[in-house]
Amino acid sequence: MTHAAYTIPLADIARHLDVAFSGDGNLPIRGLATLKDAKPDQVAFLANRAYLKDLVKTQAGAVLLHPEHSKSCPVPRLEMDNPYLGYAKLSQLFDPLAALDTPGVHPSAVVAKDATLGADVSIQANAVIASGAVLEDRVVVGPGSVVGADSHLGEATRLHANVTVCHGIVVGKRVILHSGCVIGGDGFGFAHDGAGWHKIAQLGGVILGDDVEVGSCSSIDRGALGDTVIGRDVKIDSQVQIAHNVQIGDHSALAGCVGIAGSTSVGKHCMLGGGVGLSGHLTLCDGVQVTGMSLVTNSIHEPGVYSSGTGAMNNRQWRKNAVRFKQLDEIAKRLSRLEKTAVK
């Protein structure tokens, strides 16, 4: 789909990526598209060999690809070792969102008198900026979003529609918070007296590092005493739950529906697949990858790939395996007795 209301010459696109190109440098490019659907005024990319069949038939104005595939390309080329990274960089040039931002405060927004607004801040319809909040330059607060008392939003941070940043939260630079996410809600803290529950006031906050992105309808709870801390360049998908006092190291990524219980620490450059669950008070070292739908109940001290559970199978086979799983302890005991007998 073509998004841009303007064109960018192919030569300028190549300069933006710092790559060589073939073809007419004055060719006007209006946007990006897939190899299969691209028009002559669009750039496509090839990052997966499965789409080589589409490359030979593409009608794109140019294709971003690895040099090894250049001979199969019937149109002008932009060659780089990591074409998917190139696609990511080009997508920023044609993103229509920035063009929709208008600096200023919408008449329906409510901004406390003692809030501090930097240059070119955009506060959109029905947003609320509470007392003592600080918004640095070029912050965008989308429609219906709330920035709580004494919270601080770093330069060029964007809140999409209906985001809640609670009181006393620190958000770094260039952070993106998608619709429906809540940063700094109360952690799940209660004490039981034998008859009922007594709420523990959550006195900490949340710190989000620079370049963090949080997906829609995700929750990052404030700390019970200290802060919940999300490191730099951490990417969090939609519908993720991060409990109080969790620590996540720089450059880690969490896919959809991950759940992390309280006071667990995740290292740098970790990757948690969709639906992964981490129990509380655990430590995952740097460089850990946990595959989708796994449950982690013990700390991990060596980098690598970890999995639990099994993939889907025929129900009849699964039922048999489930019965055998219950028998494993008895089988292990019988095997141990046989080994001891064999030794004698």
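In this chain, numbering begins with 1 at the start of the sequence shown.
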Give the intermediate values and the outcome of side-chain contact (heavy atoms from CB on, under 4.5 Å) for residues Val63 and His69.
CA-CA 10 Å; Val63 176; His69 301 306; over 6 Å; no
Could you give all pairs that pass the salt bridge (charged side-chain N to carboxylate O under 4.0 Å, His left out) test and reach [range], with sequence neighbours left out?
range	result
residues 299-321	none
residues 159-177	Arg174-Asp211
residues 244-273	Arg232-Asp250

For the side chain of [X] and the backbone of [Y], is there at least one donor-acceptor N/O pair under 3.5 Å apart?
X	Y	answer
Arg222	Gly204	yes
Glu330	Gln327	no
Ser122	Val140	no
Thr341	Arg337	yes
Ser299	Thr283	yes
Ser151	Cys166	yes
Thr58	Leu55	no
Ser218	Asp237	yes
Ser307	Thr291	no
Asp137	Ala119	yes

Would a 4.5 Å heavy-atom cut-off, applied to side chains only, mark [X] and [Y] as touching?
X	Y	result
Phe45	Leu32	no
Val258	Val290	no
His106	Asn126	no
Val171	Leu159	no
Arg49	Leu52	yes
Leu272	Leu278	yes
Gln59	Lys39	no
Ile29	Leu93	no

Compare every heavy atom of [Y] with every heavy atom of [X], then report the nearest pair and how far apart it is.
X	Y	answer
Pro67	Asp81	CD-OD1, 4.1 Å
Cys285	Cys270	O-SG, 3.2 Å
Ala261	Ala243	C-CB, 3.7 Å
Ser131	Asp114	OG-OD2, 2.7 Å
Ala224	Asn245	N-OD1, 2.9 Å
Gly61	Val75	O-CB, 4.5 Å

To the closest 0.5 Å, what do you measure between [atom1] ([X]) and [atom2] ([Y])?
X	Y	atom1	atom2	result
Met271	Leu254	CE	CG	10.0 Å
Gln247	Leu284	CD	CG	13.5 Å
Gln124	Asp101	CD	CG	6.0 Å
Asp227	Leu203	CG	CG	11.0 Å
Leu153	Ile129	CG	CD1	7.0 Å
Leu177	His160	CG	NE2	8.5 Å

How about [X]: does its [atom1] atom have over 12 heavy atoms from other parts shown lying under 6.0 Å from it?
X	atom1	answer
Lys53	NZ	yes
Glu213	CD	yes
Gln241	CD	yes

Would you be so kind as to tabulate the donor-acceptor pairs closer than 3.5 Å made by side chains of residues 17-26, with sequence neighbours excluded?
unit_1: Ser22; atom_1: OG; unit_2: Arg77; atom_2: N; d: 2.9
unit_1: Asp24; atom_1: OD1; unit_2: Asn26; atom_2: N; d: 2.9

Do [X] and [Y] share a hydrophobic cluster, counting only Ile, Leu, Val, Met, Phe, Trp and Tyr and linking them when any side-chain heavy atoms are less than 4.5 Å apart?
X	Y	value
Leu46	Ile13	no
Val43	Tyr87	yes
Leu27	Leu64	yes
Met293	Ile260	no
Ile200	Leu225	no

Decide yes or no on side-chain contact (heavy atoms from CB on, under 4.5 Å) for Leu78 and Leu10, but give the supporting numbers first.
CA-CA 9 Å; Leu78 297 154; Leu10 180 61; 4.1 Å; yes
Would you call the rings of Phe188 and Phe190 parallel, tilted or perpendicular if under 30° counts as parallel and over 60° as perpendicular?
perpendicular
Between Ser279 and Thr264, does a side-chain contact (heavy atoms from CB on, under 4.5 Å) hold up when you go through it step by step?
CA-CA 7 Å; Ser279 296; Thr264 281; 5.9 Å; no
Applying the side-chain contact (heavy atoms from CB on, under 4.5 Å) criterion to Val214, which one of Ile242, Ile220, Val182 satisfies it?
Ile220
Let me know which of Leu208, Ile248, Val266 forms a side-chain contact (heavy atoms from CB on, under 4.5 Å) with Val234.
Ile248
Where do Glu136 and Thr157 land on the side-chain contact (heavy atoms from CB on, under 4.5 Å) test, with the steps shown first?
CA-CA 8 Å; Glu136 294 187 11; Thr157 281; over 6 Å; no
Have Ser238 and Ser216 got a donor and an acceptor in their side chains that come within less than 3.5 Å?
yes
Does one side chain, of Asp233 or His251, offer a donor that lies under 3.5 Å from an acceptor on the other?
yes
Once ring-ring contact (aromatic ring centres under 6.0 Å, His included) is applied, what residue pairs with a partner in residues 274-319 remain, sequence neighbours excluded?
none
Where at least one partner belongs to residues 180-206, residue pairs that pass side-chain hydrogen bond (donor to acceptor under 3.5 Å, both in side chains), sequence neighbours excluded:
Asp186-Lys199, Asp193-His198, Gln202-His244
Below 4.0 angstrom, N of the basic side chain to O of the carboxylate: do Arg30 and Asp41 qualify?
yes
